[in-house]
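The structure under discussion appears below in the form of structure tokens.
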There are 2 protein chains.
Amino acid sequence: MPDATDWSSTPKGEATAARIREVALDQFSRLGFERVTLGGIARAARVSQPALHYHFQDKAQLWRSAMLALAAVIAEEERLMAVARDLPAVSQLRMAMRLFLQISWNHPALGRIVALEGMAGGERLEWLNRRLIGPRNRRLAELARQAIADGDLRPFPPEMLIVTLQTGGVGVINLAPLMREGFGVDPDLPAARAAHEEMILEALLGGFLTERGRARESVR
Amino acid sequence: MPDATDWSSTPKGEATAARIREVALDQFSRLGFERVTLGGIARAARVSQPALHYHFQDKAQLWRSAMLALAAVIAEEERLMAVARDLPAVSQLRMAMRLFLQISWNHPALGRIVALEGMAGGERLEWLNRRLIGPRNRRLAELARQAIADGDLRPFPPEMLIVTLQTGGVGVINLAPLMREGFGVDPDLPAARAAHEEMILEALLGGFLTERGRARESVR
DNA sequence: AGCTTTTCTGATTTTGTAGTCAGAAAGTGA
DNA sequence: TCACTTTCTGACTACAAAATCAGAAAAGCT
């Protein structure tokens with residue numbers, strides 16, 4: 001078995017491994033870990049089920065391997081954030097939220113998986129926190145802490161603020177089945193998407209701003 | 001097998017059935033449907049595992065039966081809402097959100113289960129929408145629509161607004177494992193709970209208010 | 001007490017899925 | 001062509017959990 005975490009290895013096998021990871025990420029994000037079966041992944045990836053065990057040790061490692069695709073997304077976000085380094089904390093936070101919303105649209109898997117595992121707890125959430133979302137959340141909370149110190153954000157506990165902002169965004173964007181079935185609304189509206197993003201952002205973040213923070217924003 | 005949906009029946013059996021439902025609701029809300037085992041429920045309820053099949057047809061029906069406990073919670077909410085019938089829509093909405101946050105604290109199962117199933121879709125979500133949360137959500141969306149017509153809320157799609165408000169609240173209150181493990185924060189703070197509720201409410205709903213809605217609120 | 005019904009259990013079967021293994025096919029280099 | 005490695009499959013095992021069933025215990029009734 002080739003080392004599946006060694007990205008640059010084995011040209012032929014890596015192609016199928018990548019296809020498997022892709023299918024796995026899709027299914028894990030839509031159904032959650034337990035509802036996904038290796039047989040289902042194998043079928044969708046057009047390989048036999050033992051092929052999964054050739055490329056990946058077990059189901060848990062396949063899950064982690066699929067998640068690593070999201071690390072690239074987070075790294076890209078961090079890269080884009082760098083250009084705002086010298087802006088006030090509240091503006092950086094706004095930009096981070098804007099990026100987060102765009103990521104949630106483009107990579108629904110991220111938000112859904114974090115939410116699914118975040119509800120249930122357990123070792124996969126621990127892994128996610130350690131490897132992917134933990135450092136990112138701490139950076140954001142630090143920004144929030146700074147913005148509060150600046151008097152731009154209301155004195156809400158920074159960690160709770162970040163969780164609120166993100167789960168609110170994840171909810172609007174990712175609770176598609178709920179909305180579709182509950183309201184008969186189709187949330188997949190690429191045309192109005194950008195406008196929606198702005199409204200969600202303003203609505204969510206706007207509630208936490210102080211008057212000073214609001215004024216600061218209009219100046220920018 | 002007695003009809004488990006007939007609430008007034010069989011005094012002795014109903015006691016254990018109720019105990020089983022209670023345990024089931026707790027486990028389903030913490031772990032999600034698939035991670036819960038009938039054996040685990042049986043152990044926690046101090047009965048043998050076939051006893052579950054005596055009182056409930058199968059795992060799915062036990063789940064639905066446990067969920068019906070939440071119908072009482074929603075009915076109670078509706079009853080409390082009645083006193084606000086003549087207030088402006090935006091004030092009713094604020095009250096509804098306040099109740100929702102309190103419910104989320106007191107009955108974490110509700111929010112968690114809806115969120116878990118809402119992400120994954122499927123027949124259980126369909127059932128929830130049909131039997132429990134659908135009618136409630138439509139009522140709230142109608143209130144939002146009215147508040148927007150009154151000029152008190154910004155013209156955000158009412159359904160999305162409701163989803164945003166609730167998932168934001170659910171997130172802050174229910175993503176306890178995520179917060180605990182990710183931030184090292186213990187979110188179980190009954191002392192500060194009421195204050196937190198107010199802040200969450202102001203922050204979430206505040207972002208959607210127009211200037212007029214803000215003014216209206218300060219008059220109340 | 002004796003009979004009947006309800007409530008529950010121990011033992012067992014069934015089912016679905018993760019994981020294994022021996023070996024076939026496909027690709028690689030001499 | 002032939003040896004060799006990588007990649008993959010069909011058939012299988014292992015196991016956990018849902019569901020069943022025959023019958024025991026408890027409760028209720030006369």
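Protein chains get the first letters and strands the later ones, always in sequence-line order, with residue 1 at the start of each.
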Could you state the CD-P distance from A:E34 to D:dA16, rounded to the nearest angstrom?
16 Å
Between atom CZ in B:R46 and atom P in C:dC8, what is the gap in whole Å?
12 Å
Of B:E14, B:R46, B:H55, the one forming a side-chain contact (heavy atoms from CB on, under 4.5 Å) with B:R19 is B:R46
Quickly work out the B:F56 CZ to D:dA17 C1' distance and round it to whole Å.
19 Å
Could you state the atom-to-atom distance from CD of A:Q57 to C1' of C:dT20 in whole Å?
13 Å
Just do the salt bridge (charged side-chain N to carboxylate O under 4.0 Å, His left out) check on A:E77 and A:R98 with the steps written out, would you?
CA-CA 10 Å; A:E77 182 198 26; A:R98 201 185 306 272; over 6 Å; no
Output the rounded distance in Å from CD (A:Q49) to P (D:dT7).
19 Å
Compare every heavy atom of A:F33 with every heavy atom of A:E117, then report the nearest pair and how far apart it is.
OE2-CB, 3.9 Å
Between A:R145 and A:E159, is there a salt bridge with N-O shorter than 4.0 Å?
yes
Of all the choices, C:dT20, D:dA19, D:dC8, which nucleotide is nearest to the side chain of A:P50 once you look at every atom?
C:dT20
So, is B:T37 close to the D:dA16 phosphate, meaning a side-chain N or O under 4.0 Å from OP1 or OP2?
no
Please confirm whether the shortest side-chain N or O distance from B:T16 to OP1 or OP2 of C:dT7 is below 4.0 Å.
no
Rounded to the Å, how far apart are A:D58 CG and D:dA16 P?
15 Å
Without decimals, in angstroms, what is the distance between B:H53 NE2 and D:dA18 P?
8 Å
From OH of B:Y54 across to P of D:dA26 the rounded distance in Å is 16 Å
Which of these nucleotides, C:dT9, D:dA18, C:dA18, is closest to any side-chain atom of B:K59?
D:dA18
